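The structure appears right after this line, and notes come after that.
In this text the structure is predicted, and so the values were computed from the model without any measurement.
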Amino acid sequence: MQHNDTIPTAARWLGYGGLVPFAGLAGSYLAGAPLFPGFALQAFLVYSATILAFVGGVRWGAALCRQDGIARELGLAVVPSLWAAGALLRR
């Protein structure tokens with residue numbers, strides 16, 4: 001598989017755009033936003049879990065393209081989703 005070090009512009013903008021909810025919700029919660037402090041924390045946790053599940057899916061897809069070590073990579077691909085589920089259940 002050939003590696004390309006350039007990130008497509010759309011992927012870069014969407015990636016940076018995905019940081020906006022993290023920063024906004026975390027900042028809102030930490031600032032003690034008077035209207036929705038509980039909502040900000042819950043939304044932050046749900047959004048974080050969604051992103052972790054997405055990252056696990058990306059890793060799963062990348063593992064399927066490999067020729068060797070696929071079992072290890074597939075095993076590691078489920079870790080972000082399990083971690084996210086644990087964080088939501090702990091709340």
Side-chain angles (χ1 to χ4, degrees):
M1 181 158 82
Q2 182 180 6
H3 293 286
N4 188 350
D5 291 336
T6 60
I7 299 172
T9 303
R12 183 178 302 120
W13 279 104
L14 289 169
Y16 291 141
L19 295 175
V20 172
F22 279 119
L25 292 168
S28 175
Y29 176 74
L30 293 174
L35 295 177
F36 306 111
F39 173 80
L41 178 60
Q42 187 65 29
F44 176 81
L45 291 173
V46 169
Y47 184 75
S48 299
T50 302
I51 294 301
L52 284 171
F54 174 78
V55 169
V58 169
R59 186 165 186 149
W60 184 280
L64 293 177
C65 294
R66 295 186 57 148
Q67 298 297 321
D68 59 343
I70 189 170
R72 178 181 179 274
E73 290 298 319
L74 290 175
L76 290 174
V78 300
V79 171
S81 297
L82 294 174
W83 187 19
L88 289 177
L89 291 174
R90 191 157 190 250
R91 175 79 177 119

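Linking Ile, Leu, Val, Met, Phe, Trp and Tyr residues whenever their side-chain heavy atoms come within less than 4.5 Å places W60 and I70 in a single cluster. In terms of hydrophobic clustering, with Ile, Leu, Val, Met, Phe, Trp and Tyr side chains grouped at heavy-atom distances under 4.5 Å, L41 and L88 are assigned to a common cluster. L30 and V46 fall within the same hydrophobic cluster, defined by Ile, Leu, Val, Met, Phe, Trp and Tyr side-chain heavy atoms under 4.5 Å apart, directly or through other members. I51 and V79 are members of different hydrophobic clusters when ILVMFWY side chains are connected at heavy-atom separations under 4.5 Å. Linking ILVMFWY residues whenever their side-chain heavy atoms come closer than 4.5 Å, directly or via other members, leaves L74 and V55 in distinct clusters.
Interatomic distance, Y47 OH to L52 CG, rounded to the nearest 0.5 Å: 11.0 Å. Separation of atoms CZ (F44) and OG (S28) is listed at 11.5 Å; rounding is to 0.5 Å. Here CG of L45 is found 10.5 Å from OG1 of T50. Values are rounded to the nearest 0.5 Å. For the atom pair CG of L14 and CD1 of I7, the computed distance is 12.0 Å after rounding to the nearest 0.5 Å.
Counting non-hydrogen atoms of other residues, nucleotides and ligands closer than 6.0 Å to CZ of F54 gives a total of 12 or fewer. Surrounding CZ of R66 are more than 12 heavy atoms belonging to other residues, nucleotides or ligands, all under 6.0 Å away.
When all heavy atoms are compared, the tightest approach of A77 to P80 is O-CD, 3.4 Å. The heavy-atom pair separating G75 from V78 by the smallest distance is O-CG2, 3.1 Å.
The backbone N or O of Q42 sits nowhere less than 3.5 Å from a side-chain atom of Y29 that would complete a donor-acceptor pair.
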